[in-house]
Amino acid sequence: MTDPRTTTRPDPALNTYYLITPALELIFFPIIYPPLWFKYRTIRYRFDDDGVSMSWGQFFQRETYLTYRRIQDIEVSRGLLQRRLGLASLKLQTASGGSGAEMTIEGIRNPDRLRDFLYERMRGVDQGADSREAAHTGRAVGAGGASDDEALRLLEEIRDALRAARGAP
């Protein structure tokens, strides 16, 4: 994978994984495999400047969109069969209160590159215009952008009020 933004579909080996997994259940194969096949055929990923989107579904379409700002943690998962096929899954977790992943990107050949890309985007959120403004004003900028400016002003007012109460200049 050269550029993670060009990843729009899972690797074809994911279909093999989806085929082998229910085959291990033997009698339940006809029940388990068709939904997995439909998911494989319809799954789409999109990485844009603001976040990552995943959609799938034939009859009931589902779409999940996470902004880079909301992503709290990225977990790379490789089961035994996935390792054998050279695949991995990236589980994106948010602070939504649930214990599970908000989004799982399946069928990735080079998960480290995609994970690093996502981490860069997570850390780079709000750094564009705010960092240029910080360079002109000499102030540090956090991940919150405009809300950091309001908090900084409030803290400066409190500092000035405390200094005035103590009689300091």
Would you give the length of the straight line joining atom CG of L85 to atom CG of L80, rounded to the nearest 0.5 angstrom? 10.0 Å
Within a radius of less than 6.0 Å around CZ of R41, do more than 12 heavy atoms belonging to other residues, nucleotides or ligands occur? no
Polar side chain donor-acceptor pair, E63 to S53, under 3.5 angstrom: yes
Applying the 4.5 Å side-chain criterion to the ILVMFWY set and letting contacts propagate, would L162 and L154 be lumped into a single cluster? yes
Between L152 and E156, is a side chain to side chain contact (heavy atoms under 4.5 Å, CB included) present by the stated rule, with each step listed? CA-CA 6 Å; L152 183 59; E156 287 173 345; 3.9 Å; yes
Single-linkage hydrophobic cluster W56~L87, side-chain heavy atoms < 4.5 angstrom: no
How close do I43 and M54 get, heavy atom to heavy atom, and via which atoms? CD1-CE, 4.0 Å
So how far is it from L81 CG to T16 OG1, rounded to the nearest 0.5 Å? 9.0 Å
L114/T7 under side chain to side chain contact (heavy atoms under 4.5 Å, CB included): CA gap, chis, key distance, verdict: CA-CA 9 Å; L114 181 57; T7 303; 5.7 Å; no
Under 3.5 Å, sequence neighbours excluded: what are the donor-acceptor pairs made by side chains of residues 28-39?
| from | atom 1 | to | atom 2 | distance (Å) |
| --- | --- | --- | --- | --- |
| Y33 | OH | N15 | OD1 | 3.0 |
| K39 | NZ | E106 | OE1 | 3.2 |

With clusters defined by side-chain heavy atoms of hydrophobic residues (ILVMFWY) lying less than 4.5 Å apart, directly or transitively, does I108 cluster with Y17? no
Assess, by modelled atom type and distance only, whether the side chains of Y65 and D48 contain a donor and an acceptor separated by less than 3.5 Å. yes
CD-OG1 distance between Q93 and T104, expressed to the nearest 0.5 angstrom: 9.0 Å
Considering only residues two or more places apart or on different chains, which pairs with a residue in residues 19-31 satisfy side chain to side chain donor-acceptor pair (under 3.5 Å)? none
Heavy-atom pair with the smallest gap, counting every atom of T64 and M103: O-CE, 3.4 Å
In this structure, are over 12 heavy atoms from other groups packed under 6.0 Å from R159 atom CZ? yes
Which pair of non-hydrogen atoms, one from R78 and one from A88, has the smallest distance, and what is that distance? CG-CB, 3.6 Å
Any chain of hydrophobic side-chain contacts (each under 4.5 Å) joining L14 to L90? no
Looking at Q82 and S89, what are the two nearest heavy atoms and their distance? NE2-OG, 3.1 Å
On the six-membered ring of Y40, is R9 placed so that its NZ or CZ lies under 6.0 angstrom from the centre and within 45° of the ring axis? yes
In this structure, CG of D50 is separated from CG of L66 (nearest 0.5 Å) by 12.5 Å
Got a salt bridge between D116 and R113, using NZ or NE/NH1/NH2 to carboxylate O under 4.0 Å? no
Restricting to non-hydrogen atoms, name the atom on T42 and the atom on Q58 that form the minimum distance, rounded to 0.1 Å. CG2-OE1, 3.3 Å
For V52 and F47, the nearest pair of non-hydrogen atoms, with its separation, is CG2-CE2, 3.2 Å
Row check, Y119 ring normal vs R123 NZ/CZ: under 6.0 Å, within 45°: yes
Please set out all donor-acceptor pairs under 3.5 angstrom arising from side-chain atoms of residues 70-77, sequence neighbours excluded.
none

